[in-house]
Novice: 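This is the structure I have questions about; it appears just below.
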2 protein chains.
Amino acid sequence: MPPGTRAANRSELTQAILASASVQLAEIGPAALSVRQIARDLEMASSAVYRYFPSRDALLTALLIQAFDDLGRAVEEGAATGADLRDRFTGAAHALRGWALAHPHEYALTYGSPVPGYAAPTETVASATRVAAVLLAIVRDAQVEGRPLGAGTRQFSAAERTAVAPISDFVEPALDDAHTARAMVVWATLFGHVSLELFGHMNNAVLDYKEHFTTVIEQLADDLGL
Amino acid sequence: MPPGTRAANRSELTQAILASASVQLAEIGPAALSVRQIARDLEMASSAVYRYFPSRDALLTALLIQAFDDLGRAVEEGAATGADLRDRFTGAAHALRGWALAHPHEYALTYGSPVPGYAAPTETVASATRVAAVLLAIVRDAQVEGRPLGAGTRQFSAAERTAVAPISDFVEPALDDAHTARAMVVWATLFGHVSLELFGHMNNAVLDYKEHFTTVIEQLADDLGL
DNA sequence: GTCTATAAATCGATAGAC
DNA sequence: GTCTATCGATTTATAGAC
């Protein structure tokens, strides 16, 4: 390819770089993501890539935001298919697990170990919050409907109430103690289950992951009173 | 140091290599673990390290087993400090979180994203199982004591009963459906919470992690009827 | 069992021509 | 905005002397 031929469409090439980076992410992981390898894939000079992403970290950030948004969209859509609160919850939960299984490396990038030497910048926060927003909205709606929780809940200490105030206040009207506590357990359980499954810690312990996940989220829905 | 001086104690040098590897693990992560860097730290030739560990992967396996055993021992000790079942549970849970906070990179190695290109061999299984064994023994004892669960539980489908049979049957006497279901939720919640906290997903959402973790595990203990 | 030397690669980032 | 060329490093693993 003669020099200068490529310039046709900047955003097209930006997407091609990201696509190649995604492939690498799957093959060698985020820590080994290589600008030069991307350049080889796309048959361009490594220095040219730097015109699109000023550094390797900027590329990682773009991948991270893309993954968070893709997951957020999937979970939002999963919740939207539900006719009632319970279906919204189970729809969101299955969408979370389904996306993670379909995109294991993107899941590892977002919810797995931090990449050594890389700190996610604040531009990622908006995308990272989308899943929690879906779950909290469902719990908020359950509270507004006045459904009784299906499991006992603790009285919060003043310290605990302060500690999780940002969660309670994330939605309007704010969550009461009991719903906040259940929401936090649900949050941790869902990601805990998906991580344990995806990272191989349920091998030989659970024989049918989908069946088991379904049971777990039905039970969480019961606990939430959905 | 003149050649050949070092041979004094093989197991001592093996330990020194592992210690240096641990430092690297913390600084650059498991994916970038470098045999040569270890050799530089210990002021020995890189080729000499291969007399102790035949490959980089063997070194990773040793680190992984060490981490699982260290965590397993910590959780076993945390459980042992408890006078009753509830204290055994909260002791184990706090020990899990405490160890993870004290050894974030070892936690990432064991429960974070898989290391690209590395598959843990079966020799790691025995060490990896210790934490689950502690938790399941507590739930088994609760069942044996006949304590009522503090939250409603689902009837298992036949498929679900089969899916989690290895868990139910891990202890003697085997767990019934309700205790198995609660044990699985507890397992996922504990690791989910620790991972979300340690990997930074609770930033700006939870302001006091220890207070919140305490609330969560007290609630899990309630649900278990402890 | 430690050493030197080596093979055959890899990398991020930049300078400067066009 | 793409290129070539370069800097100054890095790596796993092996061969063979001692």
Side-chain angles (χ1 to χ4, degrees), chain A residues 1-64 115-119 121, chain B residues 1-64 115-119 121:
Chain A
M1 184 176 312
T5 297
R6 196 185 306 270
N9 190 333
R10 182 176 177 90
S11 86
E12 216 168 86
L13 191 41
T14 303
Q15 287 306 310
I17 290 171
L18 280 175
S20 171
S22 281
V23 173
Q24 273 200 55
L25 182 65
E27 286 173 355
I28 52 172
L33 192 68
S34 156
V35 175
R36 301 188 81 117
Q37 183 60 48
I38 291 168
R40 274 194 293 275
D41 284 358
L42 269 48
E43 293 181 299
M44 65 196 294
S46 63
S47 54
V49 178
Y50 286 87
R51 297 282 167 180
Y52 295 83
F53 294 93
S55 69
R56 192 181 150 281
D57 281 5
L59 197 46
L60 260 184
T61 297
L63 283 175
L64 194 55
V115 181
Y118 171 79
Chain B
M1 184 177 310
T5 297
R6 196 186 305 270
N9 189 333
R10 182 176 176 89
S11 87
E12 216 168 86
L13 191 42
T14 303
Q15 286 306 311
I17 290 171
L18 279 175
S20 171
S22 281
V23 172
Q24 272 199 55
L25 182 65
E27 287 172 354
I28 52 171
L33 193 67
S34 156
V35 175
R36 300 191 80 114
Q37 183 60 48
I38 291 169
R40 274 194 293 275
D41 284 357
L42 269 46
E43 294 182 300
M44 64 197 295
S46 63
S47 53
V49 178
Y50 286 88
R51 295 282 167 180
Y52 294 83
F53 294 93
S55 71
R56 194 180 150 281
D57 281 5
L59 197 46
L60 261 185
T61 297
L63 283 175
L64 194 56
V115 180
Y118 171 80

Novice: Looking only at side-chain N and O atoms, does A/Ser34 come under 4.0 Å of OP1 or OP2 in C/dG12?
Specialist: yes
Novice: For the pair made of CZ in B/Arg56 and P in D/dT11, what is the distance, rounded to whole Å?
Specialist: 11 Å
Novice: Just wondering, do A/Ile17 and A/Leu59 contact through their side chains at under 4.5 Å, heavy atoms?
Specialist: yes
Novice: From OH of A/Tyr50 over to C1' of D/dA5, roughly how many Å is that when rounded to an integer?
Specialist: 15 Å
Novice: Should the side chain of A/Arg36 and the base of C/dG12 be counted as holding a donor-acceptor pair, with the cut-off at 3.5 Å?
Specialist: yes
Novice: In whole Å, what is the span from the CZ atom of A/Arg40 to the C1' atom of D/dC3?
Specialist: 17 Å
Novice: Tell me whether B/Ser20 contacts the main-chain N or O of B/Ala16 through its side chain, where contact means a donor paired with an acceptor under 3.5 Å.
Specialist: no
Novice: Expressed as a whole number of angstroms, how long is the span from B/Glu43:CD to C/dC3:P?
Specialist: 10 Å
Novice: Taking all non-hydrogen atoms of both residues, which atom of B/Ala62 and which atom of B/Phe53 are closest, and how far apart?
Specialist: CB-CE2, 3.8 Å
Novice: Counting distance only, does the side-chain N/O of B/Arg56 pair as donor-acceptor with the main-chain N or O of B/Val35 below 3.5 Å?
Specialist: no
Novice: In terms of side-chain heavy atoms, does A/Ser55 have a donor or acceptor partner in A/Tyr50 at a distance below 3.5 Å?
Specialist: no
Novice: Quickly work out the B/Ile17 CD1 to C/dG1 C1' distance and round it to whole Å.
Specialist: 12 Å
Novice: Assuming nearest nucleotide by heavy-atom distance, tell me which of A/Ser46 and A/Val49 is located more 5' along DNA chain D.
Specialist: A/Val49
Novice: Provide, to the nearest angstrom, the distance between the CD1 atom belonging to B/Ile38 and the C1' atom belonging to D/dT11.
Specialist: 13 Å
Novice: Check whether any side-chain N or O of B/Arg10 sits under 4.0 Å from OP1 or OP2 of C/dG1, and answer yes or no.
Specialist: yes
Novice: For the pair made of CG in B/Leu59 and C1' in D/dA13, what is the distance, rounded to whole Å?
Specialist: 14 Å
Novice: Hey, is the main chain of B/Ser34 close enough, under 3.5 Å, to the side chain of B/Gln24 for a donor-acceptor pair?
Specialist: yes
Novice: Taking only N/O atoms, report every protein-nucleotides 16-18 of chain D pair under 3.5 Å with atom names and distance.
Specialist:
none

Novice: For the pair A/Thr14 (side chain) and A/Arg10 (backbone), establish whether a donor and an acceptor sit closer than 3.5 Å, ignoring hydrogens and angles.
Specialist: yes
Novice: How would you label the contact of A/Leu33 with the nucleic acid (heavy atoms, under 4.0 Å): base, sugar-phosphate, or nothing?
Specialist: sugar-phosphate
Novice: Give the rounded distance in Å between these two atoms: CD of B/Gln37 and P of D/dA9.
Specialist: 14 Å
